[in-house]
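Working notes, structure below.
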Amino acid sequence: MAEHINEEKKFIEHWVDINNVDFYSIADAIWSYSELGMEEYKSSQALAQILKKYGFSVKKGAAGMPTAFVATYGTGKPTIAFSAEYDALPGLSQASVPEQKPIVQGAPGHGCGHNLLGVGAALAAAALKNAVEKFNLTCTIKVMGTPAEEICIGKPFMARAGLFNDIDVVFDWHPSTHNVTDYTTSNAYFNNQYHFKGKTAHGSAPWSGRSALDAALIMGNMIEHLREHMTPGSPPYASNTINYSFPDVGPSFPNVVPDRATIWVIGRFVTSEEANYIISRIDKCAQGAALATETTFEIERITSTHERIPNKTMAELVHRNLQSIGAPRFTQEDQDFAKRLQKAYNAPETGLDTKVTAAHGGTGPVSDNSEYSWFAPMSMLNIAVTPPGITAHSWGFAASAGSSIGKKALDVVGKVNACAAFEIITRPEIMDEAKKEMREYLSDKKYLDLIPKTTKPKLTINQDIMDRYRPLQEKLYKDYRLIC
(Lines give C-alpha, C1' and ligand atoms only; values in the text may rest on other atoms or scores of the structure.)
Protein backbone atom coordinates (compact mmCIF):
# COMPACT_ATOMS: atom_id res chain seq x y z
CA MET A 1 0.00 0.00 0.00
CA ALA A 2 2.77 2.47 0.94
CA GLU A 3 4.59 1.95 -2.39
CA HIS A 4 1.29 2.36 -4.25
CA ILE A 5 0.52 5.63 -2.47
CA ASN A 6 4.03 6.88 -3.19
CA GLU A 7 3.48 6.20 -6.89
CA GLU A 8 0.24 8.18 -6.81
CA LYS A 9 1.81 11.04 -4.91
CA LYS A 10 4.63 11.21 -7.43
CA PHE A 11 1.96 11.55 -10.11
CA ILE A 12 0.42 14.49 -8.21
CA GLU A 13 3.78 16.22 -7.80
CA HIS A 14 4.59 15.77 -11.48
CA TRP A 15 1.15 17.03 -12.50
CA VAL A 16 1.66 20.24 -10.52
CA ASP A 17 5.11 20.75 -12.04
CA ILE A 18 3.85 20.55 -15.62
CA ASN A 19 0.57 22.49 -15.16
CA ASN A 20 1.48 25.23 -12.69
CA VAL A 21 2.01 28.03 -15.24
CA ASP A 22 -1.74 28.36 -15.88
CA PHE A 23 -2.28 28.88 -12.17
CA TYR A 24 0.58 31.35 -11.88
CA SER A 25 -1.21 33.51 -14.45
CA ILE A 26 -4.40 33.47 -12.38
CA ALA A 27 -2.46 34.49 -9.26
CA ASP A 28 -0.94 37.40 -11.17
CA ALA A 29 -4.35 38.42 -12.50
CA ILE A 30 -5.98 38.45 -9.05
CA TRP A 31 -3.00 40.34 -7.63
CA SER A 32 -3.48 42.92 -10.38
CA TYR A 33 -7.24 43.22 -9.80
CA SER A 34 -6.85 43.73 -6.01
CA GLU A 35 -10.58 43.71 -5.32
CA LEU A 36 -12.01 44.23 -1.84
CA GLY A 37 -14.48 41.84 -0.19
CA MET A 38 -17.83 41.43 -1.97
CA GLU A 39 -16.32 43.27 -4.96
CA GLU A 40 -14.18 40.35 -6.26
CA TYR A 41 -16.00 40.09 -9.59
CA LYS A 42 -12.96 39.62 -11.81
CA SER A 43 -11.07 37.59 -9.21
CA SER A 44 -13.83 35.05 -8.63
CA GLN A 45 -14.43 34.85 -12.38
CA ALA A 46 -10.75 34.09 -12.98
CA LEU A 47 -10.83 31.24 -10.45
CA ALA A 48 -14.09 29.91 -11.87
CA GLN A 49 -12.64 29.88 -15.37
CA ILE A 50 -9.48 27.99 -14.46
CA LEU A 51 -11.52 25.42 -12.54
CA LYS A 52 -13.86 24.96 -15.52
CA LYS A 53 -10.83 24.51 -17.76
CA TYR A 54 -9.65 21.66 -15.55
CA GLY A 55 -12.97 19.83 -15.45
CA PHE A 56 -15.00 21.32 -12.60
CA SER A 57 -18.59 22.49 -12.82
CA VAL A 58 -19.08 25.88 -11.18
CA LYS A 59 -22.17 27.35 -9.55
CA LYS A 60 -21.86 31.08 -9.03
CA GLY A 61 -23.78 33.35 -6.68
CA ALA A 62 -23.59 30.97 -3.72
CA ALA A 63 -25.65 31.98 -0.66
CA GLY A 64 -26.87 35.10 -2.45
CA MET A 65 -23.37 36.55 -2.93
CA PRO A 66 -22.42 37.30 -6.55
CA THR A 67 -18.69 36.70 -5.94
CA ALA A 68 -19.15 33.40 -4.10
CA PHE A 69 -19.07 30.06 -5.91
CA VAL A 70 -18.90 26.31 -5.42
CA ALA A 71 -16.90 24.29 -7.95
CA THR A 72 -17.50 20.53 -8.01
CA TYR A 73 -16.00 17.44 -9.59
CA GLY A 74 -17.10 13.82 -9.15
CA THR A 75 -19.75 12.01 -7.13
CA GLY A 76 -19.80 9.83 -4.06
CA LYS A 77 -17.90 9.86 -0.81
CA PRO A 78 -15.73 11.19 0.65
CA THR A 79 -16.47 14.83 -0.13
CA ILE A 80 -13.25 16.79 0.08
CA ALA A 81 -13.34 20.59 0.12
CA PHE A 82 -10.60 23.13 -0.57
CA SER A 83 -11.16 26.65 0.71
CA ALA A 84 -10.53 29.58 -1.64
CA GLU A 85 -10.28 33.27 -0.75
CA TYR A 86 -9.41 36.14 -3.09
CA ASP A 87 -10.20 39.49 -1.46
CA ALA A 88 -7.66 42.29 -1.09
CA LEU A 89 -7.15 44.90 1.63
CA PRO A 90 -7.75 48.67 1.45
CA GLY A 91 -4.85 51.08 1.01
CA LEU A 92 -2.16 48.46 0.27
CA SER A 93 -1.57 48.95 -3.46
CA GLN A 94 2.03 47.93 -4.05
CA ALA A 95 4.34 47.09 -6.92
CA SER A 96 6.21 43.79 -6.71
CA VAL A 97 9.44 45.46 -5.58
CA PRO A 98 11.22 45.41 -2.18
CA GLU A 99 10.52 49.05 -1.43
CA GLN A 100 7.26 50.85 -0.72
CA LYS A 101 5.89 51.80 -4.13
CA PRO A 102 2.09 51.94 -4.60
CA ILE A 103 0.80 51.11 -8.06
CA VAL A 104 -2.21 53.37 -7.46
CA GLN A 105 -1.86 55.58 -4.39
CA GLY A 106 -4.50 54.66 -1.78
CA ALA A 107 -5.92 51.75 -3.78
CA PRO A 108 -6.38 48.19 -2.44
CA GLY A 109 -3.62 45.58 -2.53
CA HIS A 110 -3.02 41.94 -1.62
CA GLY A 111 -1.35 42.53 1.73
CA CYS A 112 -2.52 39.13 3.01
CA GLY A 113 -1.63 37.10 -0.09
CA HIS A 114 -5.16 36.07 -1.01
CA ASN A 115 -4.23 36.27 -4.70
CA LEU A 116 -2.27 33.11 -3.90
CA LEU A 117 -4.66 31.56 -1.39
CA GLY A 118 -7.54 30.90 -3.78
CA VAL A 119 -5.23 29.77 -6.56
CA GLY A 120 -3.46 27.34 -4.22
CA ALA A 121 -6.84 25.77 -3.45
CA ALA A 122 -7.68 25.49 -7.16
CA LEU A 123 -4.27 23.98 -7.97
CA ALA A 124 -4.56 21.35 -5.23
CA ALA A 125 -8.12 20.49 -6.28
CA ALA A 126 -7.17 20.15 -9.95
CA ALA A 127 -4.15 17.98 -9.12
CA LEU A 128 -6.29 15.73 -6.93
CA LYS A 129 -8.96 15.50 -9.59
CA ASN A 130 -6.44 14.27 -12.16
CA ALA A 131 -5.03 11.72 -9.72
CA VAL A 132 -8.54 10.45 -8.96
CA GLU A 133 -9.16 9.98 -12.68
CA LYS A 134 -5.76 8.38 -13.28
CA PHE A 135 -6.18 5.80 -10.52
CA ASN A 136 -9.93 5.25 -10.96
CA LEU A 137 -11.05 6.34 -7.48
CA THR A 138 -14.38 7.61 -6.19
CA CYS A 139 -14.89 10.91 -4.37
CA THR A 140 -16.39 14.37 -4.67
CA ILE A 141 -14.03 17.35 -4.81
CA LYS A 142 -15.26 20.86 -4.06
CA VAL A 143 -13.62 24.26 -4.16
CA MET A 144 -15.49 26.69 -1.94
CA GLY A 145 -15.12 30.18 -3.39
CA THR A 146 -15.59 32.35 -0.30
CA PRO A 147 -15.55 36.15 -0.64
CA ALA A 148 -14.79 38.85 1.93
CA GLU A 149 -12.68 36.85 4.40
CA GLU A 150 -11.05 40.04 5.65
CA ILE A 151 -14.42 41.14 7.05
CA CYS A 152 -15.63 37.58 7.79
CA ILE A 153 -18.75 37.72 5.63
CA GLY A 154 -18.49 34.91 3.09
CA LYS A 155 -18.29 31.64 4.99
CA PRO A 156 -20.91 32.32 7.72
CA PHE A 157 -23.55 33.00 5.08
CA MET A 158 -22.48 29.96 3.05
CA ALA A 159 -22.72 27.85 6.20
CA ARG A 160 -26.19 29.26 6.91
CA ALA A 161 -27.21 28.29 3.36
CA GLY A 162 -26.24 24.66 4.07
CA LEU A 163 -23.30 24.59 1.67
CA PHE A 164 -20.96 22.93 4.19
CA ASN A 165 -23.39 20.25 5.36
CA ASP A 166 -22.16 17.40 3.15
CA ILE A 167 -18.41 18.03 3.42
CA ASP A 168 -16.26 15.30 5.03
CA VAL A 169 -12.94 17.16 5.36
CA VAL A 170 -11.65 20.64 4.53
CA PHE A 171 -8.16 21.64 3.40
CA ASP A 172 -7.16 25.26 3.90
CA TRP A 173 -3.89 27.18 3.78
CA HIS A 174 -2.56 30.69 4.22
CA PRO A 175 0.48 32.62 3.03
CA SER A 176 2.89 33.04 5.93
CA THR A 177 6.48 33.67 6.99
CA HIS A 178 7.01 30.01 7.94
CA ASN A 179 6.28 26.49 6.67
CA VAL A 180 4.11 24.80 9.27
CA THR A 181 0.76 23.14 9.82
CA ASP A 182 -1.29 24.08 12.85
CA TYR A 183 -4.32 22.96 14.79
CA THR A 184 -4.99 26.26 16.49
CA THR A 185 -8.27 27.58 17.76
CA SER A 186 -9.47 31.11 17.05
CA ASN A 187 -11.93 33.45 18.69
CA ALA A 188 -15.55 33.96 17.74
CA TYR A 189 -16.18 37.32 16.06
CA PHE A 190 -19.02 39.78 15.47
CA ASN A 191 -19.38 42.85 13.29
CA ASN A 192 -22.37 45.18 13.82
CA GLN A 193 -23.25 48.75 12.95
CA TYR A 194 -25.58 50.97 15.01
CA HIS A 195 -27.20 53.76 13.00
CA PHE A 196 -28.57 56.67 15.02
CA LYS A 197 -31.10 59.18 13.67
CA GLY A 198 -31.72 62.60 15.21
CA LYS A 199 -32.81 66.07 14.16
CA THR A 200 -30.71 68.85 12.62
CA ALA A 201 -30.58 72.36 14.05
CA HIS A 202 -28.46 75.48 13.78
CA GLY A 203 -25.32 75.38 15.91
CA SER A 204 -26.39 78.60 17.62
CA ALA A 205 -29.60 76.91 18.80
CA PRO A 206 -28.59 73.27 19.34
CA TRP A 207 -31.40 72.73 21.84
CA SER A 208 -33.76 72.61 18.88
CA GLY A 209 -32.01 69.54 17.50
CA ARG A 210 -31.32 66.02 18.63
CA SER A 211 -27.70 64.98 18.01
CA ALA A 212 -27.15 61.53 16.54
CA LEU A 213 -23.44 62.09 17.10
CA ASP A 214 -24.05 62.60 20.82
CA ALA A 215 -25.82 59.25 20.87
CA ALA A 216 -22.95 57.48 19.08
CA LEU A 217 -20.36 59.07 21.39
CA ILE A 218 -22.34 58.18 24.51
CA MET A 219 -22.65 54.61 23.25
CA GLY A 220 -18.89 54.47 22.72
CA ASN A 221 -18.35 55.70 26.27
CA MET A 222 -20.73 53.05 27.58
CA ILE A 223 -18.76 50.37 25.72
CA GLU A 224 -15.62 51.61 27.48
CA HIS A 225 -17.32 51.03 30.84
CA LEU A 226 -18.59 47.64 29.64
CA ARG A 227 -14.99 46.44 29.15
CA GLU A 228 -14.59 46.16 32.92
CA HIS A 229 -17.38 43.59 33.02
CA MET A 230 -15.96 41.32 30.29
CA THR A 231 -13.87 38.26 31.08
CA PRO A 232 -10.32 39.07 29.91
CA GLY A 233 -9.31 35.80 28.29
CA SER A 234 -5.61 35.11 27.63
CA PRO A 235 -3.73 37.59 25.37
CA PRO A 236 -2.77 37.92 22.65
CA TYR A 237 -5.22 35.91 20.53
CA ALA A 238 -7.40 34.30 23.18
CA SER A 239 -8.38 37.62 24.74
CA ASN A 240 -11.85 39.16 24.58
CA THR A 241 -11.71 42.50 22.76
CA ILE A 242 -14.03 45.17 21.36
CA ASN A 243 -13.13 47.85 18.80
CA TYR A 244 -15.30 50.59 17.34
CA SER A 245 -15.17 53.54 14.96
CA PHE A 246 -17.50 56.26 13.62
CA PRO A 247 -17.57 55.78 9.83
CA ASP A 248 -20.52 58.05 9.02
CA VAL A 249 -21.55 61.31 10.72
CA GLY A 250 -23.45 64.13 9.10
CA PRO A 251 -23.96 66.78 8.20
CA SER A 252 -20.22 67.17 8.73
CA PHE A 253 -20.29 70.97 9.03
CA PRO A 254 -19.72 71.81 12.73
CA ASN A 255 -22.40 74.52 12.73
CA VAL A 256 -25.16 71.95 12.17
CA VAL A 257 -26.37 69.46 14.79
CA PRO A 258 -25.81 66.02 13.15
CA ASP A 259 -28.97 64.08 12.45
CA ARG A 260 -27.15 60.85 11.54
CA ALA A 261 -24.24 58.96 13.04
CA THR A 262 -23.03 55.36 12.87
CA ILE A 263 -20.89 53.53 15.37
CA TRP A 264 -19.29 50.40 13.92
CA VAL A 265 -18.52 47.76 16.55
CA ILE A 266 -16.52 44.56 16.17
CA GLY A 267 -15.59 42.05 18.85
CA ARG A 268 -13.50 38.91 19.31
CA PHE A 269 -14.43 36.46 22.05
CA VAL A 270 -13.14 33.07 23.10
CA THR A 271 -16.55 31.44 22.63
CA SER A 272 -19.60 32.26 20.55
CA GLU A 273 -21.76 32.02 23.67
CA GLU A 274 -19.77 34.82 25.31
CA ALA A 275 -19.86 36.85 22.10
CA ASN A 276 -23.65 36.59 21.97
CA TYR A 277 -23.91 37.70 25.60
CA ILE A 278 -21.72 40.76 25.00
CA ILE A 279 -23.67 41.64 21.84
CA SER A 280 -26.82 41.76 23.98
CA ARG A 281 -25.05 44.14 26.38
CA ILE A 282 -23.84 46.34 23.51
CA ASP A 283 -27.40 46.47 22.14
CA LYS A 284 -28.49 47.80 25.54
CA CYS A 285 -25.78 50.48 25.31
CA ALA A 286 -27.40 51.62 22.06
CA GLN A 287 -30.82 51.65 23.68
CA GLY A 288 -29.55 53.72 26.60
CA ALA A 289 -27.74 56.20 24.35
CA ALA A 290 -30.84 56.70 22.22
CA LEU A 291 -33.02 57.16 25.30
CA ALA A 292 -30.65 59.75 26.78
CA THR A 293 -30.42 61.80 23.56
CA GLU A 294 -34.01 61.35 22.36
CA THR A 295 -32.81 59.81 19.11
CA THR A 296 -33.71 56.56 17.37
CA PHE A 297 -31.44 53.78 16.15
CA GLU A 298 -31.30 50.70 13.96
CA ILE A 299 -28.96 47.74 14.31
CA GLU A 300 -27.30 46.32 11.21
CA ARG A 301 -25.94 42.82 11.84
CA ILE A 302 -23.14 42.45 9.28
CA THR A 303 -21.65 39.12 10.30
CA SER A 304 -20.71 36.78 13.15
CA THR A 305 -18.42 33.76 13.24
CA HIS A 306 -17.79 30.89 15.63
CA GLU A 307 -14.59 29.92 17.36
CA ARG A 308 -12.49 27.38 15.44
CA ILE A 309 -12.53 23.68 16.35
CA PRO A 310 -8.93 22.41 16.11
CA ASN A 311 -8.07 19.02 14.64
CA LYS A 312 -4.67 17.52 15.37
CA THR A 313 -5.31 14.45 13.20
CA MET A 314 -5.71 16.61 10.10
CA ALA A 315 -2.70 18.75 11.04
CA GLU A 316 -0.47 15.69 11.40
CA LEU A 317 -1.68 14.31 8.05
CA VAL A 318 -0.75 17.52 6.25
CA HIS A 319 2.51 17.86 8.20
CA ARG A 320 3.65 14.40 7.02
CA ASN A 321 3.08 15.44 3.45
CA LEU A 322 4.79 18.80 3.95
CA GLN A 323 7.83 16.99 5.36
CA SER A 324 7.85 14.66 2.37
CA ILE A 325 7.56 17.40 -0.26
CA GLY A 326 9.63 19.99 1.56
CA ALA A 327 9.62 23.75 1.88
CA PRO A 328 9.58 26.01 -1.21
CA ARG A 329 12.84 25.97 -3.15
CA PHE A 330 13.69 29.64 -3.36
CA THR A 331 16.33 30.99 -5.72
CA GLN A 332 19.14 33.33 -4.72
CA GLU A 333 17.21 36.11 -6.45
CA ASP A 334 14.20 35.34 -4.22
CA GLN A 335 16.38 35.47 -1.11
CA ASP A 336 17.97 38.75 -2.19
CA PHE A 337 14.48 40.23 -2.69
CA ALA A 338 13.46 39.02 0.76
CA LYS A 339 16.53 40.47 2.48
CA ARG A 340 15.96 43.83 0.84
CA LEU A 341 12.39 43.74 2.16
CA GLN A 342 13.66 42.95 5.64
CA LYS A 343 16.11 45.84 5.40
CA ALA A 344 13.25 48.18 4.48
CA TYR A 345 11.40 46.97 7.61
CA ASN A 346 14.50 47.23 9.84
CA ALA A 347 14.23 43.47 10.44
CA PRO A 348 17.15 41.01 10.64
CA GLU A 349 18.19 40.11 7.09
CA THR A 350 17.72 36.35 7.43
CA GLY A 351 15.90 35.77 4.15
CA LEU A 352 13.04 33.38 3.50
CA ASP A 353 12.30 30.37 5.69
CA THR A 354 13.46 27.14 4.05
CA LYS A 355 12.73 24.64 6.82
CA VAL A 356 9.60 22.77 7.90
CA THR A 357 8.49 23.46 11.48
CA ALA A 358 6.66 20.91 13.62
CA ALA A 359 2.86 21.11 13.73
CA HIS A 360 1.52 23.06 16.69
CA GLY A 361 -1.68 24.00 18.51
CA GLY A 362 -2.57 27.13 20.45
CA THR A 363 -4.76 30.08 19.53
CA GLY A 364 -4.50 32.10 16.33
CA PRO A 365 -6.07 35.16 14.69
CA VAL A 366 -9.74 35.36 13.80
CA SER A 367 -10.80 34.02 10.40
CA ASP A 368 -14.18 33.03 9.06
CA ASN A 369 -12.71 29.64 8.09
CA SER A 370 -13.68 28.68 11.63
CA GLU A 371 -17.17 28.02 10.23
CA TYR A 372 -15.94 24.96 8.32
CA SER A 373 -14.59 23.38 11.50
CA TRP A 374 -18.06 22.91 13.01
CA PHE A 375 -19.14 20.84 10.00
CA ALA A 376 -16.02 18.84 9.13
CA PRO A 377 -12.43 18.31 10.31
CA MET A 378 -10.23 21.07 8.90
CA SER A 379 -6.51 21.37 8.29
CA MET A 380 -4.49 24.58 8.13
CA LEU A 381 -1.25 24.74 6.15
CA ASN A 382 1.02 27.79 6.30
CA ILE A 383 3.65 28.31 3.62
CA ALA A 384 6.31 31.02 3.50
CA VAL A 385 5.64 33.70 0.88
CA THR A 386 7.46 36.51 2.66
CA PRO A 387 10.37 36.60 5.14
CA PRO A 388 10.18 36.92 8.93
CA GLY A 389 9.75 40.50 10.07
CA ILE A 390 7.24 41.37 7.35
CA THR A 391 3.82 41.56 8.94
CA ALA A 392 0.61 40.52 7.24
CA HIS A 393 -1.63 43.35 6.05
CA SER A 394 1.36 45.40 4.93
CA TRP A 395 2.89 46.67 1.68
CA GLY A 396 5.81 44.27 2.10
CA PHE A 397 3.51 41.27 2.19
CA ALA A 398 1.78 42.53 -0.97
CA ALA A 399 5.14 42.92 -2.71
CA SER A 400 6.10 39.31 -1.94
CA ALA A 401 2.67 37.95 -2.88
CA GLY A 402 3.05 39.37 -6.39
CA SER A 403 6.62 38.14 -6.88
CA SER A 404 8.21 34.86 -7.95
CA ILE A 405 8.35 33.93 -4.25
CA GLY A 406 4.59 33.42 -4.25
CA LYS A 407 4.83 31.06 -7.22
CA LYS A 408 7.23 28.76 -5.33
CA ALA A 409 4.74 28.66 -2.46
CA LEU A 410 1.89 27.73 -4.83
CA ASP A 411 3.77 24.65 -6.02
CA VAL A 412 4.19 23.40 -2.46
CA VAL A 413 0.56 24.09 -1.52
CA GLY A 414 -0.77 22.30 -4.60
CA LYS A 415 1.34 19.23 -3.94
CA VAL A 416 0.95 19.02 -0.16
CA ASN A 417 -2.81 19.51 0.07
CA ALA A 418 -3.55 17.30 -2.94
CA CYS A 419 -1.36 14.50 -1.57
CA ALA A 420 -2.91 14.79 1.90
CA ALA A 421 -6.39 14.70 0.38
CA PHE A 422 -5.40 11.63 -1.64
CA GLU A 423 -4.55 9.87 1.63
CA ILE A 424 -8.06 10.64 2.91
CA ILE A 425 -9.47 8.80 -0.11
CA THR A 426 -7.14 5.79 0.06
CA ARG A 427 -6.88 5.55 3.85
CA PRO A 428 -10.38 6.25 5.19
CA GLU A 429 -9.28 5.42 8.73
CA ILE A 430 -7.56 8.84 8.83
CA MET A 431 -10.85 10.59 8.14
CA ASP A 432 -12.59 8.40 10.71
CA GLU A 433 -10.04 9.39 13.35
CA ALA A 434 -10.33 13.08 12.44
CA LYS A 435 -14.12 12.95 12.75
CA LYS A 436 -13.87 11.15 16.08
CA GLU A 437 -11.53 13.87 17.38
CA MET A 438 -13.95 16.55 16.18
CA ARG A 439 -16.93 14.90 17.90
CA GLU A 440 -15.02 14.55 21.17
CA TYR A 441 -13.92 18.19 21.11
CA LEU A 442 -17.42 19.45 20.37
CA SER A 443 -18.99 17.16 22.97
CA ASP A 444 -22.39 18.72 23.63
CA LYS A 445 -21.69 21.99 21.78
CA LYS A 446 -24.22 22.90 19.10
CA TYR A 447 -23.77 25.11 16.06
CA LEU A 448 -25.63 28.34 16.83
CA ASP A 449 -27.31 30.56 14.28
CA LEU A 450 -25.30 33.70 15.03
CA ILE A 451 -26.71 35.65 12.10
CA PRO A 452 -30.48 36.31 12.09
CA LYS A 453 -32.35 34.57 9.28
CA THR A 454 -33.56 37.93 8.00
CA THR A 455 -30.03 39.32 7.64
CA LYS A 456 -28.66 39.34 4.12
CA PRO A 457 -24.99 39.63 3.13
CA LYS A 458 -23.95 43.28 2.87
CA LEU A 459 -23.01 43.20 -0.79
CA THR A 460 -22.13 46.89 -1.08
CA ILE A 461 -19.89 47.20 1.98
CA ASN A 462 -16.83 48.07 -0.16
CA GLN A 463 -18.55 49.39 -3.27
CA ASP A 464 -17.69 53.06 -2.73
CA ILE A 465 -13.97 52.33 -2.38
CA MET A 466 -13.83 50.10 -5.46
CA ASP A 467 -15.88 52.57 -7.51
CA ARG A 468 -13.19 55.14 -6.70
CA TYR A 469 -10.15 53.00 -7.49
CA ARG A 470 -11.25 50.36 -10.01
CA PRO A 471 -11.12 52.72 -13.04
CA LEU A 472 -7.56 53.70 -12.10
CA GLN A 473 -6.52 50.08 -11.57
CA GLU A 474 -8.08 48.91 -14.83
CA LYS A 475 -5.77 51.18 -16.82
CA LEU A 476 -2.86 49.13 -15.49
CA TYR A 477 -4.27 45.59 -15.86
CA LYS A 478 -2.16 43.15 -17.77
CA ASP A 479 -3.73 41.13 -20.60
CA TYR A 480 -5.27 38.00 -19.06
CA ARG A 481 -7.90 37.45 -21.74
CA LEU A 482 -6.56 34.03 -22.78
CA ILE A 483 -7.54 32.64 -19.37
CA CYS A 484 -10.25 34.88 -18.04
For the residue pair [X] and [Y], confirm or rule out a side-chain donor-acceptor distance under 3.5 Å.
X      : Y      : value
Thr313 : Glu437 : yes
Thr386 : Ser400 : yes
Thr293 : Thr295 : yes
Trp264 : Asn191 : yes
Ser403 : Ser96  : no
His393 : Glu150 : yes
Arg308 : Thr184 : yes
Tyr54  : Asp22  : yes
Asp87  : His114 : yes
Tyr24  : Asp28  : no
Ser93  : Gln105 : no

Which pairs, with at least one residue in residues 282-309 and sequence neighbours excluded, count as a ring-ring contact (aromatic ring centres under 6.0 Å, His included)?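 Matches after skipping sequence neighbours: Phe196-Phe297, His306-Trp374, His306-Tyr447.
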Shortest non-hydrogen contact from [X] to [Y]?
X      : Y      : answer
Ala48  : Lys60  : CB-CE, 4.1 Å
Ser245 : Pro247 : O-CD, 3.4 Å
Ala63  : Pro457 : O-CG, 3.9 Å
Ile278 : Leu226 : CG2-CD2, 4.4 Å
Leu448 : Ser272 : CD1-OG, 4.1 Å
Leu89  : Gly111 : CD1-C, 3.9 Å

Intermediate values then yes/no, side-chain hydrogen bond (donor to acceptor under 3.5 Å, both in side chains), Asp283 and Tyr194: CA-CA 9 Å; Asp283 290 351; Tyr194 297 81; 2.7 Å; yes
List in chain and number order the residues that pass ring-ring contact (aromatic ring centres under 6.0 Å, His included) with [X], two or more places apart in sequence or in another chain; answer none if no residue qualifies.
X      : result
Phe397 : none
Phe171 : Phe82
Tyr469 : none
Tyr183 : none

Do [X] and [Y] have side chains that get closer than 4.5 Å, going by heavy atoms?
X      : Y      : result
Val256 : His202 : no
Met466 : Pro108 : yes
Ile242 : Ile223 : yes
Pro377 : Val170 : no
Ile167 : Phe164 : yes
Ile80  : Thr140 : no
Asn369 : Met380 : yes

Side-chain ([X]) to main-chain ([Y]) donor-acceptor, under 3.5 angstrom:
X      : Y      : answer
Asn130 : Ala126 : yes
Glu40  : Met38  : yes
His360 : Val180 : no
Trp31  : Ala401 : no
Asn192 : Ile279 : no

Sole candidate of Glu371, Glu149, Glu85 that passes salt bridge (Lys or Arg N to Asp or Glu O under 4.0 Å) when paired with Lys155: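 The option that passes is Glu85.
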Over 12 foreign heavy atoms within 6.0 Å of [atom1], [X]:
X      : atom1 : result
Lys52  : NZ    : yes
Glu298 : CD    : no
Lys407 : NZ    : yes

Give a yes or no on whether a salt bridge exists between Lys199 and Glu294, defined as a side-chain N under 4.0 angstrom from a carboxylate O.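 A salt bridge is absent here (no side-chain N lies under 4.0 Å from a carboxylate O).
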Any salt bridge linking Lys453 with Asp449? Criterion: basic side-chain nitrogen under 4.0 Å from a carboxylate oxygen.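 Yes, this pair counts.
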Between Gln473 and Ser34, does a side-chain hydrogen bond (donor to acceptor under 3.5 Å, both in side chains) hold up when you go through it step by step? CA-CA 8 Å; Gln473 291 173 309; Ser34 290; 4.6 Å; no
Among all residues two or more places apart in sequence or in another chain, which pass the side chain to side chain donor-acceptor pair (under 3.5 Å) test with [X]?
X      : value
Asn243 : Arg268
Glu300 : His195, Lys458
Glu274 : Thr231
Asn311 : none

Tell me, please, which residues at least two apart from Asp166 pass salt bridge (charged side-chain N to carboxylate O under 4.0 Å, His left out).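 Checked Asp166 against salt bridge (charged side-chain N to carboxylate O under 4.0 Å, His left out); matches are Lys142.
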Asp259: which residues meet the side-chain contact (heavy atoms from CB on, under 4.5 Å) condition with it, sequence neighbours left out?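 Checked Asp259 against side-chain contact (heavy atoms from CB on, under 4.5 Å); matches are Thr200, Pro251.
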Does Lys129 qualify as a cation-pi partner of Tyr73, given the criterion of NZ or CZ under 6.0 Å from the six-membered ring centre and within 45 degrees of its axis?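 Relative to the ring axis of Tyr73, which defines the angle, Lys129 lies inside both limits.
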Check against side-chain hydrogen bond (donor to acceptor under 3.5 Å, both in side chains), Glu224 and Tyr244: CA-CA 10 Å; Glu224 295 301 327; Tyr244 59 87; 2.7 Å; yes
side-chain contact (heavy atoms from CB on, under 4.5 Å) between Thr305 and Leu450, intermediate numbers included: CA-CA 7 Å; Thr305 65; Leu450 301 180; 5.7 Å; no
Verdict with reasoning, Gln193 to Thr262, per side-chain hydrogen bond (donor to acceptor under 3.5 Å, both in side chains): CA-CA 7 Å; Gln193 289 188 352; Thr262 293; 5.2 Å; no
Sorted by first residue and then second, give each salt bridge (charged side-chain N to carboxylate O under 4.0 Å, His left out) pair with at least one member in residues 112-122; sequence neighbours left out.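 Salt bridge (charged side-chain N to carboxylate O under 4.0 Å, His left out) check on residues 112-122 returns no pairs.
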